[in-house]
Engineer: 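My questions will all concern the structure given below.
What's counted below: heavy atoms across the whole structure, side chains too, no hydrogens, waters or symmetry copies.
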Amino acid sequence: MLTNIKYKFKLFLFGAIGLTTAIVSCQKEKGLTEDPYAGGKKPLDLTFISKTIEPDVVSPGDVLSVRVKGLNKYISDFKVYVNEIEAEVVPASTNDSTLTFKVPLTASTGSMWITSQGQSFFGPIVKVGGKLSVDANWKVVNGATNNTNGFGNSSIYDIEALPGGNFFLGGAFNDFELKGTEKLPIGGIAQILGDGTYSTSGVSFGKGVGGAEKYINSITRIQTGTQAGKYIIGGSFTSFNSTRTNRQTLNNVARLNTNGSLDSLILRDVINPKPQETYKNGDTVSAFNAGVDGAVRKTFVFNEQVYLVGNFNNYKRMYLPNSSYDEKVYDNTRMRQMVRVNMDGTMDSTFHYNKSTRQSAIGANGVILDAMMQTDGKLILVGTFSTFNGVQANRIVRINLDGSVDNSFNVGSGANSDILSIRYNATTNKIVIGGSFTSFNGKAASGLNLLNADGSNVTTFNGQAVTGGITNFVGQLNNGKIIVAGSFNKYGDYLRQGFMVLEANGQLAVGYNNTGGFQGFIYDMVETTISNGSQVILVGNILRFNGTLPHNLLRLNFSN
């Protein structure tokens with residue numbers, strides 16, 4: 001029986017193979033299949049011969065000529081574009097081998113191309129000069145990187161200008177200019193000279209931050225008082241320059257000495273449950289005994305007190321008498337999103353704290369994304385929230401010196417969607433905000449707006465529509481011009497690929513929008529005045545700008 005079944009199965013298998021062979025043979029006679037690309041348009045026999053533009057940098061309105069091949073066939077049916085802006089063709093000097101055109105007055109650096117009969121042919125890059133340029137003397141080569149499996153976060157979140165002309169950088173990088181090693185990484189903090197050169201002179205950061213998410217969001221120099229010249233850092237970390245990063249000694253905030261080392265205390269006669277390990281009879285802890293249980297977004301110093309702003313829920317202070325080398329004991333106080341502490345780390349209970357409930361007020365009903373401090377010590381917070389301490393505050397709120405909502409801040413109905421960025425310029429006495437909102441206090445505002453110091457709209461600022469994305473960074477220069485960055489690709493009818501410079505009235509600044517495309521995020525900027533204008537250092541997660549790879553920081557020259 002089994003033999004019979006096997007025999008029948010073999011007959012079935014041979015039959016199936018034969019049938020398949022017959023079908024394939026028939027298909028071969030008819031042709032395997034039709035060409036899936038049949039009927040498509042053949043490419044036009046039009047090509048660019050020129051690979052570069054002469055001169056290397058041109059001005060809007062300049063007349064340029066490039067070498068081409070095969071243009072005569074399409075001489076009455078083609079257009080020329082420079083970075084998506086149509087250019088005027090000069091017919092008298094355009095023929096089969098030469099294309100002559102005028103650089104559009106609103107053009108910016110980018111590729112040029114020809115379109116004809118629905119096909120595009122790309123030519124060389126047109127570098128448009130103007131009053132804004134990437135500083136060729138900037139010494140940064142490899143910039144901020146992160147060698148964690150090749151995919152680590154290398155963003156720079158803050159830049160702090162130092163009195164001598166140098167800068168401290170804080171971020172998520174663990175290497176800078178490829179100077180870090182596995183044994184001695186550059187953990188989220190680095191120093192550069194005024195020209196961008198990486199420098200360890202006069203500083204001793206060691207391994208930098210470790211533990212938690214290993215990044216620094218904010219660096220603030222203490223200007224006056226008993227701790228003048230030292231620094232407050234905030235972010236997400238549990239150690240600084242430690243060989244034992246899993247031994248938590250910090251809670252997302254620390255104070256550094258003037259040379260960048262941790263401001264610490266050496267303790268003797270510490271509780272030691274393991275007396276055989278004699279080195280645990282002592283301990284080294286932070287002299288600034290303060291912390292929080294979540295990431296710190298911003299740090300500020302005012303009247304010898306430190307303000308911490310973030311999305312934490314509790315203030316933490318180490319209780320040293322009961323702490324050992326291995327185990328730390330903390331006093332915890334419910335303090336949501338804001339806390340003010342003295343220089344020894346003790347909490348100031350007169351700020352954002354209810355003594356009857358022994359905790360803070362409820363704070364924001366959303367996330368705080370950015371913050372600034374006015375010269376009088378008042379904070380302005382922005383983010384995704386619509387209330388603060390139960391009071392309506394649509395994505396923006398000003399805080400009194402006791403932590404309560406300042407109802408005199410004249411923002412009215414505020415923003416109808418998230419505010420991602422806020423900056424104040426002391427020279428102009430103006431506040432600039434950016435985000436995804438489309439109106440602010442009843443005024444149409446497409447992702448950016450200019451405010452007076454009291455929060456009211458600057459009536460002379462009238463921005464155009466930001467489309468193709470959103471604004472995620474804004475900053476005003478001392479001359480009133482405004483830097484705007486984001487994921488957008490148009491401002492009104494003008495092509496602006498993620499970066500633009502506006503006048504104080506909201507119009508594109510003539511001569512300052514010649515640069516090409518931008519990709520990434522800007523988190524901070526610092527402006528320095530020079531003889532013929534100003535230099536601006538931008539830091540962030542900057543992937544590309546004007547055809548260059550900035551490695552998260554670059555310096556721009558703004559000419560007068």
Side-chain angles (χ1 to χ4, degrees), residues 46-71 74-75 78-116 120-138 481 483-485 489-503 507-519 530 532-536 538 542 544-550 554-560:
L46 175 61
T47 58
F48 276 91
I49 303 301
S50 294
K51 302 302 180 184
T52 59
I53 294 290
E54 295 293 338
D56 185 53
V57 178
V58 302
S59 298
D62 282 357
V63 177
L64 304 179
S65 292
V66 293
R67 292 185 297 125
V68 294
K69 181 180 180 181
L71 187 58
Y74 318 102
I75 201 73
F78 79 95
K79 291 182 178 181
V80 179
Y81 293 86
V82 176
N83 201 9
E84 299 191 24
I85 305 296
E86 186 176 354
E88 178 187 347
V89 176
V90 181
S93 51
T94 296
N95 51 49
D96 193 58
S97 59
T98 302
L99 167 62
T100 303
F101 63 96
K102 291 182 179 179
V103 179
L105 296 179
T106 58
S108 55
T109 297
S111 298
M112 67 160 296
W113 64 88
I114 298 173
T115 62
S116 181
S120 297
F121 303 86
F122 286 87
I125 298 290
V126 178
K127 300 178 183 178
V128 181
K131 297 180 180 179
L132 174 61
S133 61
V134 177
D135 190 346
N137 295 319
W138 188 236
K481 289 181 171 56
I483 292 175
V484 184
N489 56 36
K490 272 193 174 182
Y491 185 64
D493 294 329
Y494 295 97
L495 176 76
R496 291 310 302 150
Q497 298 167 317
F499 187 91
M500 58 187 174
V501 180
L502 307 181
E503 297 288 359
Q507 299 301 304
L508 284 171
V510 176
Y512 292 90
N513 285 282
N514 53 290
T515 56
F518 168 89
Q519 288 180 296
I530 56 177
N532 62 338
S534 63
Q535 291 181 325
V536 178
L538 301 174
I542 307 173
R544 184 179 293 274
F545 183 79
N546 199 40
T548 65
L549 304 176
L554 74 155
R555 187 167 69 184
L556 302 178
N557 290 327
F558 287 75
S559 300
N560 290 330

Engineer: Measuring from Ile85:CD1 to Leu105:CG, what's the distance to the nearest 0.5 Å?
Structural biologist: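 One gets 11.0 Å once the value is rounded to the nearest 0.5 Å.
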Engineer: Apply side-chain contact (heavy atoms from CB on, under 4.5 Å) to the pair Ile49 and Thr47, showing each step before the final yes or no.
Structural biologist: CA-CA 6 Å; Ile49 303 301; Thr47 58; 4.3 Å; yes
Engineer: With Thr515 as reference, evaluate Leu556, Thr548, Thr109, Asn546 under the side-chain contact (heavy atoms from CB on, under 4.5 Å) test and give the passing residue.
Structural biologist: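 Among the candidates, only Asn546 passes.
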Engineer: Looking only at heavy atoms, which two atoms of Ala87 and Lys102 are closest? And how far apart?
Structural biologist: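 Smallest heavy-atom distance, with atoms named: CB-O, 3.3 Å.
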Engineer: Any heavy-atom pair between the side chains of Asn513 and Tyr491 that's under 4.5 Å?
Structural biologist: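 No, their side chains stay 4.5 Å or more apart.
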Engineer: Between Phe121 and Leu46, what is the shortest heavy-atom contact and its length?
Structural biologist: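 Where Phe121 meets Leu46 most closely, the heavy atoms are CD2-O, 3.1 Å.
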Engineer: Just so I know, are the side chains of Leu64 and Met112 near enough to count as touching, which here means a heavy-atom distance under 4.5 Å?
Structural biologist: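 Heavy-atom side-chain distance check fails, nothing below 4.5 Å.
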Engineer: Decide whether Thr100 and Ser65 meet the rule of one side-chain donor and one side-chain acceptor closer than 3.5 Å.
Structural biologist: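 Distance-only check passes for Thr100 and Ser65.
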Engineer: With side chains defined as the heavy atoms from C-beta onward, is the minimum distance between Leu549 and Arg544 less than 4.5 Å?
Structural biologist: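 Yes, close enough: below the 4.5 Å cut-off.
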Engineer: Taking the side chain from Asp96 and the backbone from Leu71, do they hold a donor-acceptor pair closer than 3.5 Å?
Structural biologist: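 Yes, because the side chain of Asp96 sits within donor-acceptor range (under 3.5 Å) of the backbone of Leu71.
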Engineer: Looking only at non-hydrogen atoms, find the nearest pair between Val501 and Tyr512 and report the distance.
Structural biologist: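 In terms of heavy atoms, the two residues are closest at CG2-O, 3.7 Å.
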Engineer: Give every residue pair that meets the salt bridge (Lys or Arg N to Asp or Glu O under 4.0 Å) criterion with at least one member in residues 48-67, sequence neighbours excluded.
Structural biologist: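 Residue pairs with at least one partner in residues 48-67: Asp56-Lys127.
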Engineer: Does the side chain of Gln497 pick up a donor-acceptor pair with the side chain of Asn489 at under 3.5 Å?
Structural biologist: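 The criterion, which ignores hydrogens and geometry beyond distance, is not satisfied for Asn489 and Gln497.
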Engineer: Going by ring pair (Phe, Tyr, Trp, His ring centres under 6.0 Å), name the residues that satisfy it together with Phe545, two or more places apart in sequence or in a different chain.
Structural biologist: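 Checked Phe545 against ring pair (Phe, Tyr, Trp, His ring centres under 6.0 Å); matches are Phe499.
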Engineer: Less than 4.5 Å apart, any side-chain heavy atom of Leu508 and any of Arg496?
Structural biologist: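 Yes, close enough: below the 4.5 Å cut-off.
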Engineer: Compare all side-chain heavy atoms of Val126 with those of Asn83 and state whether any distance is below 4.5 angstrom.
Structural biologist: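 Not touching, per the 4.5 Å side-chain cut-off.
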Engineer: Show the nearest heavy-atom pair for residues Gly129 and Pro60, with the distance to one decimal.
Structural biologist: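 Where Gly129 meets Pro60 most closely, the heavy atoms are O-CD, 3.9 Å.
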Engineer: Using a distance-only test with no angle check, is there a side-chain donor-acceptor pair under 3.5 angstrom linking Asn95 and Ser97?
Structural biologist: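 Their side chains do contain a donor-acceptor pair, which is all the 3.5 Å distance test asks for.
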Engineer: Compare all side-chain heavy atoms of Phe78 with those of Val89 and state whether any distance is below 4.5 angstrom.
Structural biologist: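 They are in contact (side-chain heavy atoms under 4.5 Å apart), so the answer is yes.
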Engineer: Write down the atom of Ser50, the atom of Pro124, and the distance for their closest heavy-atom approach.
Structural biologist: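 Heavy atoms only, the tightest pair is O-CD, 3.8 Å.
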Engineer: Using a 6.0 Å cut-off, check whether atom CG of Asp493 has over 12 heavy atoms from anything other than its own residue.
Structural biologist: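 Not buried by this count: 12 neighbours or fewer within 6.0 Å.
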Engineer: Please report the shortest heavy-atom distance between Ile125 and Ser111, naming the atom on each side.
Structural biologist: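 Closest approach of Ile125 to Ser111: CD1-OG, 3.3 Å.
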Engineer: Please name all residues satisfying ring pair (Phe, Tyr, Trp, His ring centres under 6.0 Å) with Phe122, sequence neighbours left out, ordered by chain then number.
Structural biologist: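 Checked Phe122 against ring pair (Phe, Tyr, Trp, His ring centres under 6.0 Å); matches are Trp113.
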Engineer: Examine distances only and state if a side-chain atom of Asn532 and a backbone atom of Ser559 form a donor-acceptor pair shorter than 3.5 Å.
Structural biologist: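 Not at all, since once roles are kept as given, no pair shorter than 3.5 Å links the two residues.
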Engineer: Side-chain contact test, heavy atoms from C-beta onward, threshold under 4.5 Å: evaluate it for Ile530 versus Phe558 and give yes or no.
Structural biologist: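 A side-chain contact is absent here, since even the closest heavy-atom pair is not under 4.5 Å.
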Engineer: Considering only heavy atoms from C-beta outward, does the side chain of Ser120 approach that of Thr115 to under 4.5 Å?
Structural biologist: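 Side chain of Ser120 against side chain of Thr115, heavy atoms only: contact under 4.5 Å found.
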